[in-house]
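Note sheet for the following structure.
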Amino acid sequence: MTDRKASEPKEENNGNEKSTRPSNFIEEIIEEDLRSGRYDRVHTRFPPEPNGYLHIGHAKSICLNFGLAEKYGGLCNLRFDDTNPVKEEQEYIDAIKEDVRWLGFDWGDREYYASDYFEQLYEWAVELIKKGKAYVDDLSAEEIRQYRGTLTEPGKESPYRNRSVEENLELFQRMRAGEFPDGSKVLRAKIDMASPNLNLRDPVMYRILHARHHRTGEKWCIYPMYDWAHGQSDSIEGITHSICTLEFEDHRPLYDWFLDQLGIFHPRQIEFARLNLSYTVMSKRMLNELVQGGYVNGWDDPRMPTLSGLRRRGYTPEAIRDFCTRIGVAKADSIVDISLLEHCIRDDLNKRAPRRMAVLRPLKVVIVNYPENQVEEMEAVNNPEDESMGTRKVPFSRVLYIERDDFREDPPKKFFRLAPGREVRLRYAYYIKCVDVIKDENGEIVELHCTYDPETRGGWSKDGRKVKATLHWVSASHAVPIEVRLYDRLFNDPNPAGHKDRDFKEFLNPESLETIPRAWAEPSLANARAGERFQFERLGYFVVDPDSTENQLVFNRTVPLRDTWAKIEKKMKGAS
RNA sequence: UGGGGUGUAGCCAAGCGGUAAGGCACCGGGUUUUGGUCCCGGCAUGCGGAGGUUCGAAUCCUCCCACCCCAGCCA
């Protein structure tokens with residue numbers, strides 16, 4: 001073995017160094033920065049604006065930022081980018097913190113707010129004014145827009161651009177003092193009105209807003225713009241790598257300009273492509289519209305791609321984190337197929353969720369040769385993937401419910417569940433054979449008569465006789481009634497926001513929620529608690545909704561099991 | 001008709017001059033007391049297009065095309 005080792009090609013990363021290959025372009029940049037000495041540590045930040053709830057797109061950013069810090073032995077801050085008091089609220093701050101924590105990340109005591117830096121930002125603005133790099137402009141918003149020029153034509157300079165330093169200093173001080181009404185003046189950086197990059201055409205640094213801020217109250221009536229606040233906040237916190245989404249690429253020259261003018265610690269901004277998911281929308285504006293318009297029941301509606309919605313839907317933090325690592329990080333705009341997310345949650349829950357039996361659309365079955373008042377406790381495995389999860393007892397008796405879908409009076413080809421004269425296995429119980437089909441006056445099947453084979457207790461037969469199907473069931477007199485909410489994709493279209501002339505709401509899936517007010521579950525489920533997840537055998541993964549009460553359990557379907565039969569059936573229908 | 005980006009399979013995504021990883025989806029087959037899981041196999045003579053450099057190009061050069069972002073006192 002040792003000589004074989006000697007003959008193998010040399011590993012670059014042997015020794016005590018962690019053998020971590022960069023797994024995306026950001027890690028490559030970071031490793032190069034570490035190697036070159038540009039930075040001697042890694043410090044990132046997740047900087048949400050508290051104006052909405054976090055969604056799975058944010059999860060990508062959270063996993064990236066906290067993940068990078070962890071991988072390189074650094075730190076990641078949580079920083080609220082709260083520079084716009086008219087849009088931001090404490091409610092969002094609380095929700096965001098809860099979601100980040102739930103996802104599994106810890107910012108320690110590094111909970112920061114851009115608003116903590118307002119005083120420092122003000123002083124730096126004064127410094128820029130003194131250097132002749134910023135000025136107070138009296139132009140109206142409309143005029144500023146006109147003076148800015150267009151994509152193809154340069155802008156022109158404001159008539160107020162060349163005020164003296166003294167005048168600018170005085171005016172800016174009076175802006176802060178509240179002497180001017182909203183919109184009457186702004187502080188602008190003096191850069192280049194002819195720059196092909198519009199962000200450099202004298203960007204606004206401060207606007208006057210006589211609004212109460214959720215944290216600073218009435219202290220300020222001038223508020224910094226994103227560009228002026230963000231980089232400087234990064235610098236104050238000693239952020240080395242400031243990771244943001246693609247649309248800020250054009251802002252990077254401005255990010256760098258401010259830092260260079262001030263001569264302060266200079267973090268590096270790196271941009272990556274935000275996450276898009278098929279069959280949903282990811283913009284805060286649209287999500288907010290769904291909530292406000294009552295198209296869903298709040299930010300945590302289980303159909304929402306918000307973290308609170310996914311949580312209520314039954315998604316685990318582990319599955320979401322797994323998803324975030326599987327999608328990768330790159331700069332190409334993309335729409336990830338939602339089936340990957342579904343795969344991640346199934347993969348996680350398959351290993352962890354205890355199995356139970358529940359019948360959603362009951363069909364009554366009477367075992368005609370089973371003793372009238374007899375009850376047997378059948379032993380059932382809690383999770384075939386994990387023996388340590390043990391077994392439980394499930395009561396069996398003469399009258400049962402099975403799934404209506406599991407019986408066909410006239411079975412199509414490849415349907416090998418129950419049918420007249422056919423024998424199937426009831427999971428963990430007995431083989432039963434259908435001997436009679438009872439219908440009502442409308443011809444609707446209301447009940448099945450079956451016989452059972454006492455020699456097949458537990459679901460085995462001594463003679464080695466095979467049955468092709470195994471059905472789940474509950475004992476009618478023992479089952480507990482439950483409400484079940486079946487969730488499906490919120491939209492019918494893979495890219496609802498991608499249609500130029502159509503509103504995304506036109507693509508809402510009218511069947512995204514189907515409520516089954518009365519389904520039946522095996523009795524062991526009776527004391528399930530909100531948040532507990534189960535696999536209902538052969539159906540899918542379900543979680544107990546917080547709407548549950550003492551006498552009414554409510555289950556949300558997280559995701560159905562893969563369903564090969566449904567696929568076959570669909571194909572056969574399509575063929576005929 | 002300015003500037004900044006991006007194009008590798010149906011969807012993501014590796015690749016960094018030596019002959020196209022991986023995952024999801026999909027299609028076969030095996031195991032199975034969940035038509036689940038698991039296992040095995042298939043799935044780009046091809047990397048937006050056209051030229052060029054090279055013994056050799058997804059990787060380098062040139063031109064072209066497509067798509068995304070930017071004209072908030074939003075972030």
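The sequence lines fix the lettering, A, B, ..., with proteins before strands; numbering per chain opens at 1. No hydrogens, no waters, no symmetry mates; every other heavy atom, side chains included, goes into these values.
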Return the value, rounded to whole Å, for the distance between atom CG of A:Leu340 and atom C1' of B:rA25. 10 Å
Going by the rule side chain to side chain contact (heavy atoms under 4.5 Å, CB included), which residues pair with A:Ser524 if we only count those two or more places apart in sequence or in a different chain? A:Arg356, A:Arg392, A:Glu522
Hey, can you pull the donor-acceptor pairs under 3.5 Å for the side chains in residues 198-207 of chain A, sequence neighbours left out?
{"unit_1": "A:Arg201", "atom_1": "NE", "unit_2": "A:Arg148", "atom_2": "O", "d": "2.9"}
{"unit_1": "A:Arg201", "atom_1": "NH1", "unit_2": "A:Ser195", "atom_2": "O", "d": "2.5"}
{"unit_1": "A:Arg201", "atom_1": "NH2", "unit_2": "A:Arg148", "atom_2": "O", "d": "3.0"}
{"unit_1": "A:Arg201", "atom_1": "NH2", "unit_2": "A:Thr150", "atom_2": "O", "d": "2.7"}
{"unit_1": "A:Arg201", "atom_1": "NH2", "unit_2": "A:Glu153", "atom_2": "O", "d": "2.8"}
{"unit_1": "A:Asp202", "atom_1": "OD1", "unit_2": "A:Arg161", "atom_2": "NH2", "d": "3.2"}
{"unit_1": "A:Asp202", "atom_1": "OD1", "unit_2": "A:Ile191", "atom_2": "N", "d": "2.7"}
{"unit_1": "A:Asp202", "atom_1": "OD1", "unit_2": "A:Asp192", "atom_2": "N", "d": "3.4"}
{"unit_1": "A:Asp202", "atom_1": "OD2", "unit_2": "A:Tyr135", "atom_2": "OH", "d": "2.7"}
{"unit_1": "A:Asp202", "atom_1": "OD2", "unit_2": "A:Arg161", "atom_2": "NE", "d": "2.7"}
{"unit_1": "A:Asp202", "atom_1": "OD2", "unit_2": "A:Arg161", "atom_2": "NH2", "d": "3.4"}
{"unit_1": "A:Tyr206", "atom_1": "OH", "unit_2": "A:Leu121", "atom_2": "O", "d": "3.4"}
{"unit_1": "A:Tyr206", "atom_1": "OH", "unit_2": "A:Tyr122", "atom_2": "N", "d": "3.2"}
{"unit_1": "A:Tyr206", "atom_1": "OH", "unit_2": "A:Trp228", "atom_2": "NE1", "d": "3.4"}
{"unit_1": "A:Arg207", "atom_1": "NH1", "unit_2": "A:Tyr223", "atom_2": "O", "d": "3.4"}
{"unit_1": "A:Arg207", "atom_1": "NH1", "unit_2": "A:Pro224", "atom_2": "O", "d": "2.7"}

B:rA13 phosphate, OP1 or OP2, under 4.0 Å from A:Lys331 side-chain N/O: no
If you compare every side-chain N and O of A:Thr564 against the phosphate oxygens of B:rG36 (OP1, OP2), does one of them come in below 4.0 Å? yes
Determine the sole option in A:Val329, A:Ile29, A:Thr44 for which the side chain to side chain contact (heavy atoms under 4.5 Å, CB included) test with A:Ile270 is passed. A:Ile29
Holding to salt bridge (charged side-chain N to carboxylate O under 4.0 Å, His left out), I want the full list of residues that pass it with A:Lys413, two or more places apart in sequence or in another chain. none
Test of understanding: with salt bridge (charged side-chain N to carboxylate O under 4.0 Å, His left out), list the residues that count as partners of A:Arg326, not counting sequence neighbours. A:Asp322, A:Asp347
Should B:rG72 be called syn or anti, with syn set as within 90° of 0? syn
Between A:Glu318 and A:Arg352 (salt bridge meaning N to carboxylate O under 4.0 Å), is one present in this structure? yes
A:Asp347 has an atom CG; how far is it from atom C1' of B:rG23, in whole Å? 11 Å
Near RNA chain B, counting only heavy atoms under 4.0 Å, which residues of residues 461-472 of chain A show up? A:Thr470
Using a cut-off of strictly less than 4.0 Å, decide whether A:Arg346 has a side-chain nitrogen or oxygen near OP1 or OP2 of B:rG36. no
What does the list of N/O pairs under 3.5 Å between the protein and nucleotides 70-75 of chain B look like, with a distance for each?
{"unit_1": "B:rA71", "atom_1": "O3'", "unit_2": "A:Arg148", "atom_2": "NH2", "d": "3.4"}
{"unit_1": "B:rA71", "atom_1": "O2'", "unit_2": "A:Arg148", "atom_2": "NE", "d": "3.3"}
{"unit_1": "B:rG72", "atom_1": "OP2", "unit_2": "A:Arg148", "atom_2": "NH2", "d": "3.1"}
{"unit_1": "B:rC73", "atom_1": "OP1", "unit_2": "A:Arg148", "atom_2": "NH2", "d": "3.3"}
{"unit_1": "B:rC73", "atom_1": "OP2", "unit_2": "A:Arg148", "atom_2": "NH1", "d": "3.1"}
{"unit_1": "B:rC73", "atom_1": "N3", "unit_2": "A:Gly183", "atom_2": "O", "d": "3.4"}
{"unit_1": "B:rC73", "atom_1": "N4", "unit_2": "A:Leu139", "atom_2": "O", "d": "3.0"}
{"unit_1": "B:rC73", "atom_1": "N4", "unit_2": "A:Ala141", "atom_2": "N", "d": "3.0"}
{"unit_1": "B:rC73", "atom_1": "N4", "unit_2": "A:Gly183", "atom_2": "O", "d": "3.0"}
{"unit_1": "B:rC74", "atom_1": "OP2", "unit_2": "A:Arg207", "atom_2": "NE", "d": "3.0"}
{"unit_1": "B:rC74", "atom_1": "OP2", "unit_2": "A:Arg207", "atom_2": "NH2", "d": "2.9"}
{"unit_1": "B:rC74", "atom_1": "O3'", "unit_2": "A:Arg207", "atom_2": "NH2", "d": "3.2"}
{"unit_1": "B:rC74", "atom_1": "O2'", "unit_2": "A:Asn84", "atom_2": "ND2", "d": "3.1"}
{"unit_1": "B:rC74", "atom_1": "O2'", "unit_2": "A:Lys87", "atom_2": "NZ", "d": "3.3"}
{"unit_1": "B:rA75", "atom_1": "OP1", "unit_2": "A:Thr83", "atom_2": "OG1", "d": "2.6"}
{"unit_1": "B:rA75", "atom_1": "OP1", "unit_2": "A:Arg207", "atom_2": "NH1", "d": "3.3"}
{"unit_1": "B:rA75", "atom_1": "OP1", "unit_2": "A:Arg207", "atom_2": "NH2", "d": "3.0"}
{"unit_1": "B:rA75", "atom_1": "OP2", "unit_2": "A:Tyr226", "atom_2": "N", "d": "2.9"}
{"unit_1": "B:rA75", "atom_1": "O3'", "unit_2": "A:Asp81", "atom_2": "OD2", "d": "3.4"}
{"unit_1": "B:rA75", "atom_1": "N6", "unit_2": "A:His251", "atom_2": "NE2", "d": "3.3"}

